[in-house]
Structure formats: structure tokens, C-alpha cells
*Asks:* 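Right, I'll just put the structure down here and ask away after.
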Amino acid sequence: MELPVVVQQALGDNAPGVSFRSVSQIDTGHLLRMVLLSDDQGNLQAICRRNDMLDLEALNKRLGRDLRMMQRREQVRVRQKAGLQELPALPSLTGWPTVVDRRVDELEAVALELGEQDLGLMMPAEDFRQLTAKAARHDFAVDTANISVNLDNHAADRDQLHSAIKRFTGLRIQQRLEDTLELPPLPETAQRIIHLRVNPNAVMGDLVDVVESDPSLAAQVVSWASSSFYAAAGQVRSVHDAVSRVLGFDLVMNLAMGLALGRALKHPKDHPDGYVDYWQQAIWQAQSAGILA
């Protein structure tokens with residue numbers, strides 16, 4: 001089998017010394033995995049034996065960081081960028097800082113899953129140590145065989161279960177929020193209006209320039225000012241007329257902000273029965289007041 005180009009490049013001079021085997025024929029104690037982590041300081045990849053559990057709390061304590069599992073969509077982007085279905089435990093595939101669990105260095109040989117046709121790549125442990133020479137070494141993985149199981153004190157089962165659920169639930173909620181609540185980038189018009197709102201020296205001309213730069217917003221403002229609700233004297237011919245003679249600086253600022261944000265921030269379709277979102281209420285009120293047709 002021919003290795004993907006990115007994998008060949010990551011192996012470098014060690015590529016000729018590798019061999020292929022079916023994953024089912026490889027001792028699971030030799031298989032490695034690479035875990036993608038991130039925090040506000042950046043990305044990091046941790047390499048450990050596949051069946052070991054990653055002790056993230058211990059790793060964060062050693063590194064003085066607040067690392068968490070990288071969000072699923074970000075992991076997908078990393079794999080797509082590399083052109084691979086799965087990332088084998090080769091640090092140079094991403095170029096990120098790397099930490100290797102010390103138990104990996106105790107192996108005589110290591111195996112890397114390729115994610116293609118259930119194949120694994122075998123290499124001597126010394127070759128792998130050369131590939132990860134720049135990586136830091138720490139104890140951050142736990143052998144599952146060493147995890148104690150409560151077989152005697154059954155009365156403590158309920159307390160242990162509740163404790164585990166409590167910790168898992170909090171982490172799971174945080175992950176789901178991070179995965180689902182992604183705010184879209186604000187439109188340029190909304191950003192300019194926000195800057196005006198926080199600028200104590202902003203004048204009417206600044207707001208008129210922002211509104212006039214967005215044709216649909218300008219037409220809407222003129223339409224509001226021309227509505228029978230305001231009964232403006234004379235015809236409203238421009239945004240300047242609408243702001244200066246009819247609506248005023250603050251009202252146009254608020255209406256423009258609501259309209260600009262309403263285009264980007266859409267409520268989910270699977271909302272509760274009977275739920276009416278803020279923007280729909282605002283439209284109904286504007287229609288009832290004769291501001292909107």
C-alpha cells in the first residue's frame with residue numbers, strides 16, 4: 001500500500017522502515033492515538049497509548065493551562081486540511097506543540113492507525129522517538145487496568161454514580177453549548193452602528209452616512225419616517241430628512257441596529273410551541289402602528 005503524501009512527509013527518513021498490518025492483528029498495547037486540545041493560549045496535541053485514558057486535569061496542572069477537547073467541527077477542519085480521514089499520531093501533520101505520555105517511550109514498537117482500510121503502520125519505538133524529539137514528555141495518561149472498581153462496598157455505588165454523572169453532565173453541557181451556540185459574524189453595518197453607539201462624539205451626519213451606505217436600510221428608514229404614524233409635515237425625501245425632521249438620532253440608531261442584527265441572528269426553527277421571538281413581536285408592533293406595511 002502506498003502511503004498518503006502527507007504521511008510520507010511526516011515520516012521523513014523513517015518512511016522506508018515502516019510496515020503495514022491489519023489493526024486487528026496489532027497488539028492494542030502498541031497502538032497510539034493523538035488527541036487534539038485547545039485553550040485560549042492555542043492548540044496542542046497529546047499522544048498516548050490508544051487504550052489509556054487521558055487525565056486532562058493532570059495535564060493542565062503540569063502545563064499550567066486550561067486545555068479542553070477541541071470542538072468536533074474544528075477537528076474535522078484539521079483532518080480535511082491534512083486530506084486524511086483520521087490523523088495518525090504524527091506531530092508534524094499539524095505542526096502544533098506536542099506532549100507525549102512517558103508510557104509511550106517504554107514501548108519497543110509503536111503502531112499508528114491510518115484510518116484507511118483498517119490498516120496500521122508499525123515502526124520501531126526508537127524511530128518514533130526521533131519523530132517526536134521536540135515534543136515534551138509528561139505523565140498524563142492512566143492505564144485503564146489500574147483503575148479500581150468498587151466490588152465490595154455496594155453502599156457507595158449510588159454516591160459514586162451521582163458524582164460521576166455530576167462531573168460528566170457539566171462537561172457535556174459545556175461541550176454542547178460550544179458546539180451549537182456559534183454566533184455568526186456581525187454585518188458591517190451593525191459593526192459601524194455599534195461603534196457610533198459607544199462614541200460620545202457621534203453626530204447625526206455620522207449616522208446618516210452609515211444608513212445611506214446600506215440601500216435596504218436607507219429605504220426602510222425613509223419608509224418609517226413617511227408612514228402615517230408620524231404624520232411628518234411635507235414629503236420625506238432623504239435619510240437626512242428622516243433623521244433630522246421626523247425620527248431623531250436615537251430612534252434611528254435603535255431601529256437600524258435591530259434591522260441590521262435581525263438579518264444575521266436567526267432564532268432556531270425548533271423553538272418551543274407558542275414561542276414568539278423578539279423580532280417577530282417588533283414587526284407586529286410596527287405593522288400595527290402603521291410603520292411597516
Side-chain angles (χ1 to χ4, degrees), residues 38-43 68 70-78 80-81 172-293:
S38 65
D39 64 2
D40 55 4
Q41 296 184 37
N43 299 324
R68 293 289 183 270
M70 182 173 289
Q71 297 179 21
R72 185 176 303 173
R73 59 177 176 272
E74 293 297 333
Q75 295 191 39
V76 172
R77 290 172 187 166
V78 174
Q80 290 177 343
K81 184 177 180 180
R172 185 58 178 156
I173 289 175
Q174 179 181 352
Q175 291 176 340
R176 288 299 299 272
L177 288 175
E178 292 175 349
D179 289 342
T180 57
L181 298 185
E182 181 179 10
L183 294 179
L186 289 179
E188 181 181 358
T189 301
Q191 295 182 38
R192 295 178 64 186
I193 294 174
I194 290 174
H195 291 157
L196 282 182
R197 170 61 71 186
V198 299
N199 181 7
N201 299 319
V203 295
M204 184 180 67
D206 298 327
L207 178 59
V208 171
D209 290 342
V210 173
V211 174
E212 288 182 338
S213 67
D214 188 328
S216 63
L217 179 58
Q220 190 68 68
V221 169
V222 172
S223 175
W224 287 331
S226 302
S227 68
S228 58
F229 179 80
Y230 291 102
Q235 187 175 2
V236 179
R237 300 180 179 274
S238 65
V239 174
H240 186 277
D241 280 351
V243 179
S244 61
R245 293 199 300 110
V246 184
L247 301 176
F249 183 90
D250 289 337
L251 180 57
V252 172
M253 178 78 75
N254 293 335
L255 292 174
M257 174 66 77
L259 185 60
L261 290 177
R263 298 170 186 169
L265 305 179
K266 302 295 184 181
H267 66 79
K269 295 181 179 180
D270 54 345
H271 53 69
D273 291 340
Y275 168 80
V276 179
D277 68 281
Y278 170 81
W279 303 113
Q280 187 62 53
Q281 293 185 43
I283 292 174
W284 287 348
Q285 292 174 0
Q287 288 175 338
S288 62
I291 299 175
L292 294 177

*Asks:* Examine distances only and state if a side-chain atom of Q75 and a backbone atom of M70 form a donor-acceptor pair shorter than 3.5 Å.
*Replies:* yes

*Asks:* I need the minimum non-hydrogen distance between A218 and E212, along with the two atoms involved.
*Replies:* CB-CA, 4.2 Å

*Asks:* Look up atom CD in Q191 and atom CG in L196, then write down how far apart they are to the nearest 0.5 Å.
*Replies:* 12.5 Å

*Asks:* Nearest 0.5 angstrom please: R68 CZ to D40 CG, how far?
*Replies:* 11.0 Å

*Asks:* Between atom CD1 of I194 and atom CG of N199, what is the distance when rounded to the nearest 0.5 Å?
*Replies:* 13.5 Å

*Asks:* With V211 as reference, evaluate L255, V252, V243 under the side-chain contact (heavy atoms from CB on, under 4.5 Å) test and give the passing residue.
*Replies:* V252

*Asks:* Could you measure the distance from the CD atom of Q71 to the CZ atom of R77? Nearest 0.5 Å is fine.
*Replies:* 8.5 Å

*Asks:* Is there a donor-acceptor contact under 3.5 Å from the side chain of D39 to the main chain of G42?
*Replies:* yes

*Asks:* Between the main-chain N or O of V203 and the side-chain N or O of D206, is there a donor-acceptor pair closer than 3.5 Å?
*Replies:* yes

*Asks:* Hey, could you give me the CG/CZ distance between L207 and R197, rounded to the nearest 0.5 Å?
*Replies:* 9.0 Å

*Asks:* Between the main-chain N or O of S223 and the side-chain N or O of S226, is there a donor-acceptor pair closer than 3.5 Å?
*Replies:* no

